[in-house]
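Working notes, structure below.
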Amino acid sequence: MTETTQSPDFIFETSWEVCHKVGGIYTVLSSRAKSLLDLFPDKLCFIGPDLNDDQAPFIEDKRLRPNWRKALAADGLKVRIGRWDIPGKPLVVLVDFTPLFAEKDAIYAAAWNAFGVDSLHAYGDYDESSMFSVAAGRVAASIVRHCLPADARVIYQAHEWMSGMGMLFLKQELPQVATIFTTHATSIGRSIAGNNKLLYKYFDGYNGDQMAAELNMEAKHSIEKQSAWRADCFTTVSTFTQRECTGLLDKTPDVVLPNGFEPDFVPQGAAFTAKRRAARQAIIKVVRALTGQAIPDDVLIVSTSGRNDFRCKGFDVYLEALARLNERFKAKTHDMAEVPNQTKVVALIEVPCWVLGPREDLKERLSAKGKKYAGSLHTPMITHDLHNLNEDRILCLIKQLGLYSRPEDPVKVLLVPCYLEGQDGIFNMPYYDLLTANDLCIYPSYYEPWGYTPLESCAFRTPCITTDLSGFGQWVNDLLGHTGTLADGVSVIHRDDDNYFQAVEDICRGIEKMIGATQRETTAMRKAAAAIAAKAEWKHFVSHYLTAYDVALRNAAQNKAEA
């Protein structure tokens, strides 16, 4: 920072994903906390929803901030104060937002009258998110009014539309608070992509307000657009979403805040080797139990993962590539008289679905000692039972493509349909531990504002394939000065609205390259992937936040002076 750069005295950050893991925003906040605390010790507080989750990574401390407790209680706010159990152990306030439902109609009326926010077409998670957002804003307002110096320079950063309404009310009540609104993906952009419309071919022709009406997204879009326009600083996570915000929200973000990662999450040396060995053994053991087949210890393990967003995450392309590769391998085995029934690839899809619980028949096999399996279990492509086993979109496509993991199939597919938090009943390993097993990770996204999964893959020294429709993929290309290849640690394949099957073929070639790679080549790729991840550590990216704080503080001061 320069001498003229303004720095905050206190920072509030609010998101639905504070102490509550849903998607990438959790990773943004939890991995960045320590870097921010190094710069602003005792000046950072996260505000999240109190969901009464005993498994949440939250450690309540009733001795913390007694003056806050007194002020919040006096203002009728029910909270728990403690530490987020992540590196840095940042201060957290979890707020019970359920009492606000009694005044929901009045809140929505006020939001319409003051900001033009439309709640008439609200549905789904809109009410719950909005009541939390308003409660979070009230928490910050109470602390600012009663517990911080009157001249304190305060930042309030709200993430996604789910936090926008509370930010708007806070700014109205306390204009001296400098607000930052961060959109990680526009609600309209994600909806266009998720509804099988051609986002990119007609991008310049889309009107955000019109599409919101067509896709029944008026309420969420309304909060998002008003938050973008009324915040003192509007930010997003990549040049990819910067263009999207300009086109669909009619507002260009003031600052781009790329997402980083902390090396603290990655085991080193012998610890990494031990975790990788254990994770590979666990995966192979599960596939053997499901299929009743011998799986070689050195089989190539690939995976994809992420939120259950079928088209946006490219799960369709991933499975199509596996099916093509499976048929290609079978044809080669037939033509060249290779060893039959040799599994070459174990391919995982680690995606939360409507999970019922771990399969009892699989658990029984896994617990048996020294028994040979008599054939495969039914549906040997999935580790857990689902409520909608016959309707799940991913499993249906696996069956449609003939990826049944039969003895004659060189490619074995495994859907792991649950959050991997170490208590799933089958692997009982957290996601990051299981990630170490991979030889290649594949994320063929159609819509991906940033892309944490490929960055995490690189951090765990695993080469990956992503696309130039992801913010991370675009960043890698910019970093390298050319289109990334597996030799660089990250292969950035081209995707657009018309090249679905070319993307499929590019993934096939990438997997074949990994199968044919020498040990020396594999080691070089793994080192290259880790080197890219090192360039994306938070210590390199946190400076963008300092810029955003400066912009927000300056604009807040100017707006207050002009009022």
Side-chain angles (χ1 to χ4, degrees), residues 15-17 22-25 28 108 111-112 115-130 133 158-168 180-231 234-257 259 306-314 445-451 467 469-471 474 495-497:
S15 167
W16 184 257
E17 297 195 36
V22 178
I25 297 175
V28 175
Y108 287 164
W112 170 255
F115 319 117
V117 167
D118 170 23
S119 58
L120 184 64
H121 300 91
Y123 64 93
D125 57 349
Y126 184 91
D127 290 344
E128 191 175 49
S129 298
S130 297
S133 172
H159 292 269
E160 291 284 76
W161 70 266
M162 291 89 81
S163 300
M165 188 177 290
M167 183 201 73
L168 294 172
I180 300 174
F181 178 67
T182 302
T183 181
H184 296 255
T186 68
S187 57
I188 297 304
R190 188 183 296 280
S191 187
I192 290 171
N195 280 278
N196 294 319
K197 293 182 178 293
L198 303 181
L199 177 60
Y200 305 102
K201 182 178 285 188
Y202 305 118
F203 185 85
D204 293 333
Y206 283 121
N207 176 277
D209 297 342
Q210 177 186 342
M211 293 308 299
E214 179 180 331
L215 298 171
N216 197 23
M217 293 287 289
E218 295 104 318
K220 295 178 181 180
H221 174 68
S222 179
I223 289 182
E224 188 173 50
K225 187 170 183 177
Q226 291 302 317
S227 297
W229 275 92
R230 293 171 183 267
F234 175 38
T235 72
T236 191
V237 298
S238 67
T239 54
F240 176 90
T241 42
Q242 186 177 42
R243 174 175 173 246
E244 184 182 326
C245 291
T246 301
L248 298 177
L249 299 178
D250 303 317
K251 171 77 171 177
T252 300
D254 300 298
V255 183
V256 172
L257 304 174
N259 292 331
R307 74 163 71 206
N308 197 335
D309 204 339
F310 187 78
R311 184 190 185 210
C312 293
K313 293 295 186 183
S445 302
Y446 174 81
Y447 178 83
E448 188 70 80
W450 177 248
T467 76
L469 293 183
S470 73
Q474 292 177 356
R495 276 209 73 179
D496 56 37
D497 285 314

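FYI, side chains are in, hydrogens and waters are out, and symmetry mates aren't considered; it's all heavy atoms of this structure.
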Report the C-alpha distance between W161 and M217 in whole Å, list the side-chain angles of each, state the deciding distance to 0.1 Å, and finish with yes or no for side chain to side chain contact (heavy atoms under 4.5 Å, CB included). CA-CA 12 Å; W161 70 266; M217 293 287 289; over 6 Å; no
Any side-chain donor near an acceptor of the partner, [X] and [Y], under 3.5 Å:
{"X": "H121", "Y": "N216", "result": "no"}
{"X": "D127", "Y": "Y108", "result": "yes"}
{"X": "S15", "Y": "S163", "result": "no"}

Please examine the side chains of D209 and K225, heavy atoms only from C-beta on, and report whether any two atoms are closer than 4.5 Å. yes
Can you find a pair of side-chain heavy atoms, one from M211 and one from K197, that are under 4.5 Å apart? yes
Whether the side chain of E160 engages the backbone of H184 through a donor-acceptor N/O pair (distance < 3.5 Å, no angle test) should be reported. yes
N/O donor-acceptor pair under 3.5 Å between S238 side chain and W450 backbone: no
One should read off an interatomic distance between Y126 OH and M165 CE, to the nearest 0.5 angstrom, of 3.5 Å
Interatomic spacing from CD in E244 to OG1 in T236 - rounded to 0.5 Å: 7.5 Å
Do T186 and T241 pass the side chain to side chain contact (heavy atoms under 4.5 Å, CB included) test, and can you show the C-alpha distance, the side-chain angles, and the key distance before you say yes or no? CA-CA 8 Å; T186 68; T241 42; 6.0 Å; no
From CA spacing to verdict: side chain to side chain contact (heavy atoms under 4.5 Å, CB included), F234, K251: CA-CA 9 Å; F234 175 38; K251 171 77 171 177; 3.4 Å; yes
